[in-house]
Each structure stands twice: as structure tokens, then as C-alpha cells.
Enquirer: 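Below you will find the structure I want to go over with you.
Scope of the values below: all heavy atoms of this structure, side chains included, with no hydrogens, waters or symmetry mates. As the structure is a computational prediction, the values presented were derived from the model and not from experiment. Naming convention: chains lettered A, B, ... in sequence-line order (proteins, then strands); numbering from 1 in each chain.
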Amino acid sequence: MSLLGLVLTIFVGSMLAALVSRFGRLHAAWLSGVVVVVALIQLLFLMTPVIDGETTIERWSWIPTVGLDLVFRLDGLGMLFALLILGIGLLIVIYARYYLSERDCMGRFYAYLMLFMGAMLGIVLSENIIQLLIFWEMTSLSSFLLISYWQERSDARNGARMALAITGAGGLAMFGGFVLLGEMVGSYELSVILDSGELIRNHPQYLTVLILILLGAFTKSAQFPFHFWLPNAMAAPTPVSAYLHSATMVKAGVFLLARFFPALSNTPEWSWLVGGAGLITLLVGAIVALFKHDLKGLLAYSTISHLGLITLLFGIGTPLAAVAGVFHIINHAIFKASLFMAAGIIDHEAGSRDMRQLNGLWKYMPHTALLAMVAAGAMAGVPLLNGFLSKEMFFAEAVSAATYLQLGWILPALVTLSGIFAFAYSIRFIHDVFFNGEPIGLPKTPHEPPRWMKVPVEMLVALCLLVGILPTLTVEPLLRIAAGGVLQAPLPYFDLAIWHGLSPALLMSLIALIGGLLVYSLRYPLFRLHDRFEPYVQASKVFDALLRALHALAAAITRHTDIGSLQRMLAWFVFSALVLGISGFAAGDGILRGPRTTLPLDGVSLVAAAGVIAAALATVLLHRRRLLSLIVMGAVGLIVALIFVKFSAPDLALTQLSVEVVTIVLLLLALYYLPQRQLPESGLWRRARDGLLALAAGGGAALLSWAVLTRPFTSISDYFLDNSVSGGGGTNVVNVILVDFRGFDTLGEITVLALAALGIYAMLEHLSLSGPTVDRRGRPWDRDVHPAIMGSLTRILLPMALLVSLFILLRGHNLPGGGFIAGLVTAVALITQYLANGVRWTQARLPANMHPVIGVGLLLATLTGLGSWWFGYPFLTSTFSHMHWPIVGEFELASAMLFDLGVYLTVVGATLLILIFIGMLHSGDDTEHKPAGESA
Amino acid sequence: MEALLSLIIGVLTACGVYLMLRGRSFPVVLGLTLLSYAVNVFLFAMGRLTIGQPPIIREGISQYTDPLPQALVLTAIVISFGMTAFAIVLALKARAELGNDHVDGRES
């Protein structure tokens, strides 16, 4: 039993939920419920040391080379949040099963929900702040998926996008803050950071770190001016809203404030920034909530207001205020979840959320009405309900903070104002929905929901009452543990009594109650006033305008730079590379020729050089006569292979030779489908410009080569030369590097090759091109395209060619050869069959489906690498031994050879897949008579 | 000899760049191929030029050429083929979808 296991349980549950949903509609719901219960049980066991006041730290090695460990931490604060996340999560799982309709995909919903839940758990249980950040970003992403669950609705898509943009931007800022903080403290682990409060607060970069981290916290917890994404996220299914608003997402922001409270608080900057944002959010949320006719809209702004309240408490910064903040986190989670669920029930059973339509529901759903009214009472802060207790503490803190602030009376005054509006919107929620006459134009007659849809609400409302009436017996122990986790210090004295005598806080509550009733009775004139000014003060409109401006700017930049001409772009690219190269040359010491002695020239080399230069130039001059230029270019490739032979690179020469063959076949095949006619050439000016650029590029490359080649150098290759035989078991160092020393690179490279082949396959599928039927002089194509002699010869040659490739493959570890070369040779041998005998003949004997070959090759290479894990070595450690075979003699067997076999199979598969599919593009039905390859 | 090889690299680069700046897809692919020859030879030459010392360990021989650039270039050659194939298939696809073989998809 471990914290890692706890988090993983939820993530695995997410995947399973997606899987099981295909076997039945409700399976995902059941599975999620069971998984959350299992996680809760694990948490109960893990909690024991925390209840005794200890902090559990669990460490798993993650990326040790950069000092990153997977570290989990369970202390009081984490425990409280884990309980909230899992406990309310379980109720949401039950509720959603009844809320979602037949049309909604259950598997997708529960998979996203569990993903989100797992990410939230990860945040609250992380010890390493980089790890915390990763989970943080995961909540942004998974909440995006949840909010946009009803993808077909544009408001859901817009809301999800807005939430992602805002919280994502905040996460980015927070990332910066965390990195600075980590560098400042010298550790990314919370235990160290929380102990370094003095160091952090006195550091010159304290303010930067504070602002960056607060940006992350404020965007997530919807503090002004980033609050507007939350109401727009209401487009999510109601269970999601209930979850986001109560135990998760927005609470992640206040969790962060609580988490870093010991390290960052207790400075004027903290008080002004956190307290200021909290106060404004508290007021704005409470006032706007009253004017929302949408039931969920009212609740959303109420959430904003309550988050402002919690933030303000942390901003006040005294230990007692922090305790009150934690208390309100608990209470708000409980009553807000139940209120959202009640709102969902009303929406579900009455078909509307508009409070101008919903009236008098008391008669139709008295049970739900009662539950909602109790919860709304808790939201308003009515005595004997949980909201009252934390609100009293909050008022008391506001009053005591006022004693040491300049103009201190403003704070309690504004807080009371927010209390007035909180009462007013709570009364509106109760009165407008359940009383106030008869429903107006509802799409259906309201009725009570299914039994189990109400059970989660009932449980939460019962909690509201229990906490409100018997605080010391119910919530106090949990609150003490959690607050201890926040403060990381002994708790201040506090008393959770319902009656504190006649205190200023009680007076403020009374004013709020009376004022709230007054404001509510004046609501109609206030609504009219609001309707007049509302269009001018919408933050989301500002956001939309900013976003539109950004899009317009991006579009303008694209329009002006990307004019859709590859030629123009390439010319600019070459030009920029030249400018960079020349400035590099100019900044150097200016000496081109290095001190290294050069090799003497010889006649054969001169002739070969003349040949390759002539062939390259001819390719350019003849490029409008395509077939001819292709043949000449083949000559260039062959001479390049000779260059490799000359300068001690037999492996390269073999590779170049075999690649040359497949390249030419490939281009010949492609040529068949490209226009044959003479094409207009670009104008003289264009050609001159390109010629100049090309000359400059070529000159630069030549000078650069000359400068490098004439200078001495040191190489890291001595290691490879020394260890090739002893460590890799092969004498061909190039091959040993490929399959052993740098085997991981090779694995990447064959993966790229496989991807290229699959990409080509994807592009060519369903593509049909017609080749020419007559040649340039109008003569029909020769139909006798498979000369009998050639056909028979290639069939005889095939086994021999395959044998040669096998030989090359096997000897590759010690002599020039190996998987790449052998694969290409095999591919050439098989392609020859297509060319000489036609597609139909060959396909009858050789399956064209090369995907399995590629797959097996990649799998083999990967498994060879994984195999070394089995023996406790790092990935791709090779082993070898010598064994004696009868007749063959001494034979060496290296695990790297298995890897090379994987390389071989991938190369064969990829090459054949590409060539066969281009060859089979032909749309005509006379494939047998005219395979594409014959066009050459 | 070094000068000669530098010249070859330069010529291959120049021819490759010129062809890549053409308007039709086929010369562009030819240019890409030429340029990848140039790049491969250039990378290979970074191990400096040696004659008759292939990096294959034998008894009694202690001088070998640098094997590392060779290993890098070997895979580069194969990947170049993959890239050429991808580019030419893109050209084919563009021709099928757009009806011409101009790199920008429009006759001009």
C-alpha cells in the first residue's frame, strides 16, 4: 500500500472505465465507483500516521541523472484534500450515472472524470513541485475534456477552450515561479521549501516568484480578473460542474495558497496581492451572482465569491485566518457540491435552469426542495449549518485584521457588503425556484428524480447539518490535522462553538441578513439597472476581443511571411543560411587553410572527381529531360560509393550502392505518373538568382569542407575502437556502434524509416493516378513488357540474391555488412521480381502486405533491448558468446545480432512497402501487362 | 586530395540547391537527392580522410580511420532514402489532388 499505488489506482481505473464501457452502458459507472471505493480504503490505511501528526514521504527513483525523483507526500493538508477529492468524487460518480442520458457516452465521461480525479490527487499528494506541476497541467487538460464533453455544443467547446487558455497560461507562469523557487532554495522538494520561508522572503527575487506562483493559483481558482472562465465552464455536464466547483479544480488554486503558506506568506506583498485579489473577487462574485437568471450561473458566481473569501483569509495571513480558510474549504466543498447536484436535478426534471421560468417547484419536488434549501442556507451562512461557522470565523478575522490596518474599517465594511449580497442571492435561489408563484412555460412537468440521484445530495446535506450543529465532534479533529499541515507549526487557539456571545462578527451576520432581505426585495429595480450596464463590463468579452486580436495578428504574420511559394521560402532559407555562415566565417580568425598535411592527389581520383562533377552538372543541365537526368544522377551516386571505398569506408560504400538502386527504381516508378511534356522554365531572372544562390551555397560548402579537412582533430572514437571486440564482440566497429554502442539511436532511426513507409502508405491509399498511354512521339507503349529471358533469369537469381543478403547480414558484426545493407539487398532482389515478372505474377507468390514485417522488425529490436532489463542491465546492453557448430566451425552469437535482424526486417519491410505501393498505384486494369516499373 | 573532395562537395551542394529551387516537383526531388549526397559526404569527411585503414579490427594493426562518422552516415544514407521516397510520394499525391506537378500546387 503506497501513495503511488493510490494515485495509480485512479489512473488505471480511468483506462478500465473506457475499456469496459464497450460491454455495457453502465459498466463504466460501476467500475469507477468500485475503483474510488478501493482508493478510499487505501487512503484510510495510509492516513494512520498522519492522524498521529507525522508526514509520510515516499520516494521512487524517476530520472536520477537529473535529480528528479517521484516523491509523494501525505500530510494533513494533503489528507484533507484527498478525502474531499475521493469522497465527493464517489458521490459524483453515483450522481452522474443517473444524470447522463441514453445518448451520452458513459465510458468517455467516466474515463475523463477518473483521469481528472487522478490528476487532482497527484497535485495534493506531490512532494516534488515539478511533479506537482505535471499533475497541475493534467488537471487543465482533463478539465478541458470534461467541460467539452458535449462536443457538439459550441458553448461547451468555447467554455473548454477558455478554461484551458486561462489555466494553461497560469500554469506556465507557475512553472517559471517553481523553477525560480527551486533554484532559490536549492531543492524542488516541499519539505525543504516549506522550511526555507526566511530565505525565500528575504531573497531579491521573492516578488517575482510570488507573482508567478500566484498567477497559477489565481487563474485556477478563478480569482478576479481571471474569474470569467468559471461561469463559461458551466457548459459542462452538471456532475462535472459540481465536482470542479466543490472539491477540485478551483480548489487546486486555494490548495496552492495553503501549501505555500508557510514559505511565501507573512509579507506585505503577500497580504496586498492575495488579500486584494481575494477581496475584489469576493465582492464581484457576490454582487454578480444575484443578477444571474441561470441557476448554474448564480452558483458559479457564488463559487467565485467564496473562493475570494478563502483567498482573502489566506491573504490576511494570521495562523487563525489560515485555519478559517481551511475550514471554509471543507464547508464550501460540501454545500456547493450538494447545491450543484440539486441544480442538476432541477434542470433534469424541470427542463430549464432559468429562474424566471422556474417558480413554485416546492409543490412538485418537495424533497429536493428541502435539500436545496438547507444547502443554500449553508451557503448564506445561516446558524446551525456549516457555512455559518466558517463565515463567523471569517468575519471575526476581518474585524481583527482591521485593528492594525490603515483605514481598517473598510475591510469589515466591504466584507459585510459581500455578506449582504451572499444572503440576497441565497434567498433568490430558494425563493425564486421553489416559491414565487407557478412555473412559467416549462418544457415538462417537474417531478422528483430517481431515488439514487438524491442520495449523494442527502449525504452532503446531512454533513452540512452535522458539522453545523456538532462541530467539535465531527469536523474539528480533521480541521486540526489539516490546518497543522498548512501551517507546519503548532495551531493557534480556536474554538468551534456555535455561540460566541455578542461579538462584532455576529453583528455583521445580522446586518448581512437584514441587508440581504432588503436587497432581495429591491431586486427588480436592481435587475433593470444591471441590464443597462451589463454589456459594458463583461470580462469574457475582453478576453474574446484579446483572443480575436491575437488570431488576427497571427493570421497577418502568416499572410505576410508564408506566401504559399516553396521556391520563395527555400530561396530565403538558403539566403539566411548563407548570411549566417558568412558572418560565422567573418567572425573567425580568417585563416581558411589549416595546418594538417593533406593527402597527395592521384590520377584515378582526378578522373573520378571529374566524372562526379560532370554527372552532377549534367543532372542540372538535363533536368527538363527527366529520364535522362535521372540516369545521370545514378552515376553521381555510384561515384559517391567509390569515394567511400577510397577513403576506408566499405560499409558506407555497400550501403550507398544498394540505396542507389532502390532510389533509382523509386524515382523511375514515380516518373511514370508525373507529366511527361516539356514544361515552361522559369524566367531568366529567376534562373540567374537561383544560380547565384546555388553557387554561393556550393562555394560555402566547399570552403567549409576545406577548412575542416585541413585541420587536425581529436575524436571520441578511440573508445569504440578499443572496446569493440571486448565489449561488443565484433570486429566491424561501424556495425558494433550501430547495433551496440549507439543501439538506441539506431532503434530511433529504423522507427523513423518505418514511419516514413507508413506515412507513404497512408498517402497512397485510395490514390489512383493514370500514367501515359503513348510515348512522347505518340507511339503506344510496348505491351510486351516482360521479356522471357529476363523473367527467367531473375527467378533463378532470387535465391542467390537472398543467400548473399543473408551472408551480409550474418557477417555484418565482424566484416562489412549488417542489417541495413542486407535489408536493402533483399529489397532489391524482391523488387527485381516485380520489375521483371509483373505485379500479378509476383503478388501471387509474395504477399504485398509488408506491415507485419515492419512490425516484427521493430518489435524484435525493441525486445532485444528490453531483454537486457530482464538480466538487470540498462536498455540495449548486448551480450555475446562463441559457440562451436559442426562443419561451420567457431561461430559467434551476439544478442546484438538479434537487434540487427530487427533492423534488417524493418528495412526490408519499409523499402518494399514504399516501392510496391507506388508500383501498384496504376489505376488501369491492365496491371499485368504494364507494371509501372516498365515505364522506364 | 582534400581540396578535390571539398570541390566535389561544393559542386554537389550547388547542383542540389539549384535544382531544389526549381518549380516542378521532380527536379526538386532530384535536387534533394544530390544535396543529401553532399551532406553525407561532408559528414563522412568530418572524420578526416584516410586511405586503406577501414575500421575493422585485425591482429597487428593499430591504425584505423574514425568509425563514428561512418556509423552516423550509414543510417543517414538509409534515412535519406526514406525522405526522398516521402518527398516523391508527396509530389505524386499533390499531382493527383491538384492536377499539376508544380511545387506550389498551381500552374504559374
Enquirer: Do A:Phe917 and B:Val89 come close enough that some side-chain heavy atom pair is under 4.5 Å?
Expert: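 A:Phe917 does not reach B:Val89 side chain to side chain.
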
Enquirer: Is B:Leu19 close to chain A through its backbone or its side chain, or both, or neither, when contacts mean heavy atoms under 4.5 Å?
Expert: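 The side chain, not the backbone.
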
Enquirer: Out of the candidates A:Val620, A:Leu692, A:Leu695, A:Leu693, only one should pair with B:Tyr18 under the side chain to side chain contact (heavy atoms under 4.5 Å, CB included) rule; please name it.
Expert: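 Output: one option passes, namely A:Val620.
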
Enquirer: Return the NZ to CG distance between A:Lys646 and B:Leu5, rounded to the nearest 0.5 Å.
Expert: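 Going from the NZ atom of A:Lys646 to the CG atom of B:Leu5 covers 11.5 Å.
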
Enquirer: Students often mix this up, so state it plainly: with edges at 30° and 60°, are the rings of A:Phe644 and B:Phe44 parallel, tilted or perpendicular?
Expert: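 Answer is perpendicular, since the angle exceeds 60°.
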
Enquirer: Does any backbone or side-chain atom of B:Leu4 lie under 4.5 Å from a heavy atom of chain A? Answer side chain, backbone, both or neither.
Expert: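 For B:Leu4, the side chain is the part near chain A, not the backbone.
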
Enquirer: What distance separates A:Ile737 CD1 from B:Gln70 CD, expressed to the nearest 0.5 Å?
Expert: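 So the CD1 of A:Ile737 and the CD of B:Gln70 are separated by 8.5 Å.
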
Enquirer: Who wins among B:Thr50, B:Val11, B:Ile9 for the most heavy-atom pairs under 4.5 Å with chain A?
Expert: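 The answer is B:Thr50.
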
Enquirer: Report the C-alpha distance between B:Leu90 and A:Met763 in whole Å, list the side-chain angles of each, state the deciding distance to 0.1 Å, and finish with yes or no for side-chain contact (heavy atoms from CB on, under 4.5 Å).
Expert: CA-CA 8 Å; B:Leu90 264 181; A:Met763 277 199 282; 3.5 Å; yes

Enquirer: Do A:Thr619 and B:Leu34 have side-chain heavy atoms sitting under 4.5 Å apart?
Expert: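 They are in contact (side-chain heavy atoms under 4.5 Å apart), so the answer is yes.
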
Enquirer: What pairs of residues pass the salt bridge (charged side-chain N to carboxylate O under 4.0 Å, His left out) test when at least one of them lies in residues 1-15 of chain B, not counting sequence neighbours?
Expert: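 Salt bridge (charged side-chain N to carboxylate O under 4.0 Å, His left out) check on residues 1-15 of chain B returns A:Arg596-B:Glu2.
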
Enquirer: Give, as side chain, backbone, both or neither, the part of B:Met83 having an atom under 4.5 angstrom from any heavy atom of chain A.
Expert: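 Neither part.
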
Enquirer: Does anything in residues 45-92 of chain B form a ring pair (Phe, Tyr, Trp, His ring centres under 6.0 Å)? List the pairs, not counting sequence neighbours.
Expert: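 The answer is none; no pair qualifies.
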
Enquirer: To check you understand the geometry: which heavy-atom pair defines the closest contact between B:Ile56 and A:Pro650, and what is its length?
Expert: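 Shortest heavy-atom contact: CD1-CG, 4.5 Å.
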
Enquirer: Cationic tip of B:Arg48 within the cone over A:Phe713's six-membered ring, i.e. under 6.0 Å and within 45° of the normal?
Expert: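 Relative to the ring axis of A:Phe713, which defines the angle, B:Arg48 lies inside both limits.
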
Enquirer: How long is the straight-line distance from OG of A:Ser565 back to NE2 of B:His102, given to the nearest 0.5 Å?
Expert: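 Reported value, rounded in 0.5 Å steps: 7.0 Å.
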
Enquirer: Just verifying a value: how many Å separate A:Leu570 CG and B:Arg22 CZ, rounded to the nearest 0.5 Å?
Expert: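 Rounded to the nearest 0.5 Å, the CG-CZ separation comes to 11.0 Å.
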
Enquirer: Can you say whether B:Leu68 sits under 4.5 Å from chain A via the side chain, the backbone, both, or neither, judging by heavy atoms?
Expert: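 Answer is both: backbone and side chain atoms of B:Leu68 are under 4.5 Å from chain A.
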
Enquirer: In terms of heavy-atom proximity below 4.5 Å to chain A, should B:Pro55 be classed as side chain, backbone, both, or neither?
Expert: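 Both parts, heavy atoms under 4.5 Å.
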
Enquirer: So which of A:Val752, A:Leu599, A:Thr746 has the largest heavy-atom pair count under 4.5 angstrom toward chain B?
Expert: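 The residue among A:Val752, A:Leu599, A:Thr746 with the greatest pair count is A:Leu599.
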
